[in-house]
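Naming: A, B, ... by sequence-line order, numbering from 1 per chain. The shown structure was predicted, so the numbers you read here are calculated from the model rather than taken from an experiment. Worth knowing before you read on, the calculation uses all heavy atoms, side chains too, and leaves out hydrogens, waters and symmetry mates.
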Amino acid sequence: MKTTTIQRGIAALALAMLVLALAGCSGSPVQDPFWFLHPNGPIARASIFYLIVDVLLLLIVIVPATALVIWTFFRYRKGGKGRYDPTYNHSVIVEVVVWGVPLLLVVVLSYFSYQGARDVAPFNPQALKSAVAKSGNKKPLRIDVISTDWQWLFIYPDEGIAMSNRLVVPTGRKISMNLTSATVTNDFYVLKLVNQIYMMPGMRTKQHFFVERTGTYQGFSTEFSGPGFSWMNYKVLAVTPGKFEDWVQRARQSGNQMNWQDFEKFAQPTINTGDRWSLYSQVQPNLFSKLIHEVKAGDMNIVWPARLSENMTTHEFDRKFGTGSANSDKNGTTADHPSQSNSD
Amino acid sequence: MFMNLQGPWDPLFGRLPMLLDLQYNNPWIMFAFALVVLGGGTVVAALTYYKLWGWLWRDWLTTVDHKKIGIMYIIIGLVMLFRGFFEAAMIRTHQAMAVGPDSPGILGAAHGYLTPFHISEIFTVHGTLMILLAVTPILVGFMNLIVPLQIGARDMAYPFLNAVGLWLTAMAAGLCMVSLFVGSFSHAGWVGLTPLTELDHSPGVGVDYWIWILQISSIASTVGAVNLIATMLKMRAPGMSLMRMPIFSWTAMGTNIIALTSFPLLTVAIALLTLDRYVGTHFFTADGGGNFMMYTNLFWLWGHPEVYFVVLPAFGFISEIIPTFSEKPLFNHTSMIFATMMIAGVSWLVWLHHFFIMGSGPQVNTFFSIATMLVGIPTGVKVFNWAFTMFRGRVRLETPMLWALGSVLLLIGGGMTGMMLAIPAINYVSHNSVFVVAHFHNMFLIIAFAIFGAVTYWWPKAFGFYLDEKLGKIFFWLFWGGSVFVFVPMYALGFLGMTRRLDYIAHPSWWPLLMLEVVGIALYAASVAAFVLQVYVSIRDREKNRVRTSDAWETSRSLEWATHCPPPFYNFGATPIVHSNDEWAWRREHRLTTLKPENYSDTHMPKNTAVPIVLGFFVGLFSIAAVWRVWWVMGLCVIGMIATLIFRAFQKDVDYVIPADEMEAMEREKLDQIDHRAQDSAQQTGEMGEPEIDGHAHG
């Protein structure tokens with residue numbers, strides 16, 4: 001039996017090393033963005049900080065518990081070295097320790113939990129304060145985010161422009177987002193950059209973030225929202241403020257418009273595959289709040305055809321057959337910003 | 001009727017004409033169908049060939065015996081566990097196939113072999129049935145089987161209600177099987193993400209199947225909880241104070257208090273959703289003044305207590321197994337009881353941690369974070385007390401102990417990741433990632449390990465012979481290997497940012513880890529084979545592996561070991577009198593292990609009845625009619641249910657009495673058998689020395 005235990009240990013160790021090796025060399029096409037231990041913004045960094053604190057504190061209990069289970073098991077095997085004493089079945093000292101130490105640990109963790117919750121609170125994150133103060137740029141960039149079935153629309157209300165299925169943001173500036181959904185719940189997440197927040201139909205949530213370095217990040221939804229959910233990936237391009245201004249100027253010349261009628265077309269079920277995006281230079285100013293009102297009033301009438309949600313062998317899901325038509329003809333027509341390979 | 005339904009509806013057949021449009025050329029469905037027909041057909045053919053239908057009806061289908069009901073619960077659970085494993089294997093292999101834009105797609109899928117709707121169905125049904133139709137019935141089955149024996153009762157407080165609970169659960173499982181072939185299943189996750197489950201986004205019958213499965217099994221759990229609580233409060237043997245109740249019964253108490261208080265919440269939440277879908281109310285819609293986040297709150301107000309509902313009995317199994325195989329009493333017995341009840345108590349205060357990211361402020365989130373972390377304290381206490389139970393013990397590594405120890409080690413890992421997810425700041429980056437999936441599977445594996453430990457531990461009690469030890473160990477190591485290979489890479493993928501419920505994996509760099517998970521699935525498949533083989537070999541060689549005494553493990557501690565293996569239908573020849581926390585260990589110490597009481601008395605027993613299965617039939621038919629909206633059948637079924645209950649209410653001949661002398665005769669026969677078996681085995685081994693044989697004194 002002893003050999004199998006040792007074998008098991010070796011096997012577990014080998015496996016752990018294999019996993020670490022695989023994780024280490026997982027060179028994703030988009031600048032290895034999928035290792036959330038490398039945060040690129042104050043909020044994501046705060047989360048990782050509390051993750052590390054939490055794990056280190058937990059080890060105070062986890063390590064002795066594991067060691068104790070394994071040690072007693074080997075020491076007190078039948079026929080082993082341990083002294084057998086069946087009367088030892090109660091100890092006040094042990095009881096005080098095993099209740100007391102975890103309790104103290106939870107007290108300490110509670111403090112960090114509250115600090116962490118304040119630091120990354122989506123509506124008013126404390127973690128951003130010092131970064132914003134340092135940057136000297138007090139005026140945040142406002143972005144309204146709308147998820148549809150199954151696309152994204154990012155509206156820049158102050159600039160009067162919008163972009164679908166791709167987000168471009170400047171570095172060194174606080175970004176304030178309002179989020180909602182046109183039909184079902186989605187969950188906004190940009191790995192290493194923006195923490196998660198629900199996007200709910202008929203409701204507005206908020207999220208804030210701050211980008212430190214330029215680069216390409218990966219955004220996606222993490223709340224299951226129907227058949228197109230897996231394809232709701234988009235890229236987040238963080239560019240220097242100067243480049244961002246250039247991009248805004250060029251976006252204003254794209255000539256596409258997004259008013260309510262266009263949006264209703266845009267919001268029809270569309271499985272957006274690949275890396276297709278569009279720019280809109282004229283956006284109806286109150287589109288975001290109008291959407292919330294329409295959804296609440298029940299006028300945002302998007303009913304999924306049964307074929308989208310019931311049929312087993314349909315080709316509706318084939319990436320060649322997107323059902324929407326609102327933006328498919330405009331894909332990539334204004335590719336005048338840091339372009340990326342289409343490889344994912 | 002009532003709603004603007006997509007697809008045809010007519011008064012006679014409801015939505016059934018929809019089936020004409022469905023495509024039945026999906027090879028997976030065909031394969032599953034063939035498997036079910038083959039399996040079910042074999043059982044039916046065997047029953048007919050050996051002329052066992054009468055026996056099945058008299059001894060099992062109409063029984064109110066808590067042991068048989070418990071065994072039937074466990075069989076339902078194991079069959080569903082098997083089906084759930086198939087779905088897990090499909091999810092894992094599909095995801096390993098559908099990686100990157102260039103991955104091939106077959107059978108109508110763009111990538112992999114399952115279309116988006118189909119894989120959504122599969123993960124939904126996997127979650128729903130693993131939790132509600134596999135783990136829950138198995139645990140309820142064990143509580144049924146063991147609790148009355150542990151507290152020295154004849155049967156449950158309400159044997160009839162017990163059978164009703166069983167047949168409702170069986171109907172829910174049956175409905176789940178029907179949904180596999182007739183129509184479709186919900187695609188909105190086992191939690192039923194609103195507003196995805198509303199008619200606008202789920203126009204078919206899938207969500208309706210899900211609704212009625214949850215509704216029926218929820219009612220079954222509620223009535224089961226009433227029954228078990230009443231049994232434990234009112235039917236304990238003389239001398240057994242509450243604090244002397246064995247630890248598994250205590251966990252059953254905690255679990256059923258949770259069930260009694262939380263399952264009605266699910267009933268209400270699901271009923272409101274049903275109204276939304278059937279008559280067009282707006283409880284959980286985004287429009288019309290509805291609030292779908294209310295559903296999320298209600299669901300998790302049940303859902304999180306449900307998690308502790310399933311984990312507490314598992315802790316109970318571990319707490320029974322470790323002392324037996326350490327040959328020592330459970331360390332800090334009272335403390336363990338308090339830890340159990342504290343977990344049960346805190347379970348109602350933590351539900352919001354399932355949606356920290358909904359947008360609540362830091363104060364609200366911190367409250368639920370701290371409440372969640374509080375659960376870690378009694379859980380930690382349990383782990384330490386189990387370790388101290390082994391401390392200064394004589395640990396024997398028989399199969400049940402192997403499972404229990406594996407379970408404890410898993411608990412340490414799962415507890416650690418649970419405490420990580422309890423911190424909102426961490427949850428904001430890991431919510432809905434496969435890290436969460438790995439965490440709760442880790443927790444459910446604790447339960448699975450404890451369940452298989454319990455199956456091995458109590459099998460000789462329930463059937464009178466041991467499970468094969470060698471195959472049991474092979475089963476354990478394969479299962480352990482499968483768990484490591486599936487869930488260690490899954491934790492890693494969570495850190496890499498992989499989201500749960502994906503149909504298509506956009507990032508090829510994840511492929512190696514996904515392949516490791518497939519290796520794990522292969523090991524799991526081998527472990528399933530080992531388990532089936534173990535059961536088969538053990539049944540084949542049952543005469544060789546007979547239990548010699550009432551105490552199968554020779555160092556067992558609680559009262560269920562103070563009766564025959566298998567226990568007779570009346571459980572105990574005479575009501576036992578309890579002297580200690582660990583009654584059987586106490587009797588062993590005091591050399592009082594004889595099963596022959598001083599005198600026998602008349603024993604009052606419940607009679608078998610067909611009413612529960614008839615009631616179950618009406619409920620099952622009602623729910624199928626409800627799924628397809630055939631209103632007239634639903635109406636007839638309601639009338640049928642009411643009529644059946646009225647019939648039962650007027651039934652007077654529901655019980656009988658075993659006279660003392662008849663009881664004595666039956667007992668003598670069993671005690672003689674034990675003596676014979678003891679002599680036989682003494683002759684065979686030749687060196688039994690002075691065996692601790694029960695009934696030896698009077699032999």
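- No hydrogens or angles considered: a donor-acceptor pair under 3.5 Å links the side chains of B:Thr555 and B:Arg396.
- Contact check for A:Ile52 versus A:Val55: no side-chain heavy atoms found under the 4.5 Å cut-off.
- With a 4.5 angstrom heavy-atom cutoff, B:Thr334 does not touch chain A via any of its atoms.
- The candidate with the highest count of non-hydrogen atom pairs below 4.5 Å against chain B, out of A:Ala121, A:Pro201, A:Gly116, is A:Pro201.
- Separation of the B:Phe495 and B:Phe435 ring centroids falls under the 6.0 Å cut-off.
- Comparing A:Val94, A:Val61, A:Thr66, A:Thr205 by how many heavy-atom pairs each has under 4.5 Å with chain B, the most go to A:Val94.
- Interface summary for chain A: among B:His333, B:Gln363, B:Met401, B:His282, the most heavy-atom pairs under 4.5 angstrom belong to B:Gln363.
- With chain B as the partner, the residue from A:Tyr50, A:Phe112, A:Trp99, A:Phe123 showing the most heavy-atom pairs under 4.5 Å is A:Trp99.
- Counting heavy-atom pairs under 4.5 Å between each of B:Gly376, B:Gly415, B:Ala422, B:Ala339 and chain A puts B:Ala339 at the top.
- Looking at B:Thr389, there are no atoms closer than 4.5 Å to chain A (heavy atoms on both sides), in backbone or side chain.
- A donor-acceptor contact closer than 3.5 angstrom links the side chains of A:Gln196 and A:Thr222.
- Options B:Gly413, B:Pro329, B:Pro424 differ in how many heavy-atom pairs under 4.5 Å they form with chain A, and the most are formed by B:Pro329.
- Of the two parts of A:Ser181, neither the backbone nor the side chain holds a non-hydrogen atom closer than 4.5 Å to a non-hydrogen atom of chain B.
- Within the 4.5 angstrom heavy-atom criterion, atoms from both the backbone and the side chain of A:Met200 approach chain B.
- Within the 4.5 angstrom heavy-atom criterion, no atom of B:Asn581 approaches chain A.
- The two atoms that bring B:His111 and B:Ala98 nearest to each other are CB-CB, 3.6 Å, heavy atoms only.
- Ring pair A:Trp71/A:Tyr76 is perpendicular by interplanar angle, where above 60° counts as perpendicular and below 30° as parallel.
- Checked by atom type, the side-chain pair A:Ser221/A:Trp150 shows no donor-acceptor distance below 3.5 Å.
- Counting heavy atoms from C-beta on, the side chains of A:Lys192 and A:Gln218 never come closer than 4.5 Å.
- Residue B:Ile377 touches chain A through both its backbone and its side chain, counting heavy-atom pairs closer than 4.5 Å.
- For B:Leu330, the part lying near chain A is the backbone, with the side chain staying farther off; criterion is any non-hydrogen pair under 4.5 Å.
- Interface remark: A:Leu109 contributes backbone and side-chain atoms alike to the contact with chain B (heavy atom separation under 4.5 Å).
- Between chain B and the options A:Pro122, A:Gly202, A:Ala127, A:Gly79, heavy-atom pairs under 4.5 Å are most frequent for A:Pro122.
- Ranked by non-hydrogen atom pairs under 4.5 Å with chain A, the options B:Met419, B:Glu198, B:His431, B:Arg500 are led by B:His431.
- Comparing B:Ile370, B:Ile119, B:Leu502, B:Leu196 by how many heavy-atom pairs each has under 4.5 Å with chain A, the most go to B:Leu196.
- Counting heavy-atom pairs closer than 4.5 Å to chain B, the top residue among A:Ala46, A:Pro102, A:Ser230 is A:Ser230.
- Contact check for B:Phe391 versus B:Phe331: no side-chain heavy atoms found under the 4.5 Å cut-off.
- There is no side-chain donor-acceptor pair under 3.5 Å between A:Tyr189 and B:Asn432.
- In terms of non-hydrogen atom pairs under 4.5 Å with chain B, the most contact-rich of A:Gly80, A:Gly226, A:Ser91, A:Ala297 is A:Ser91.
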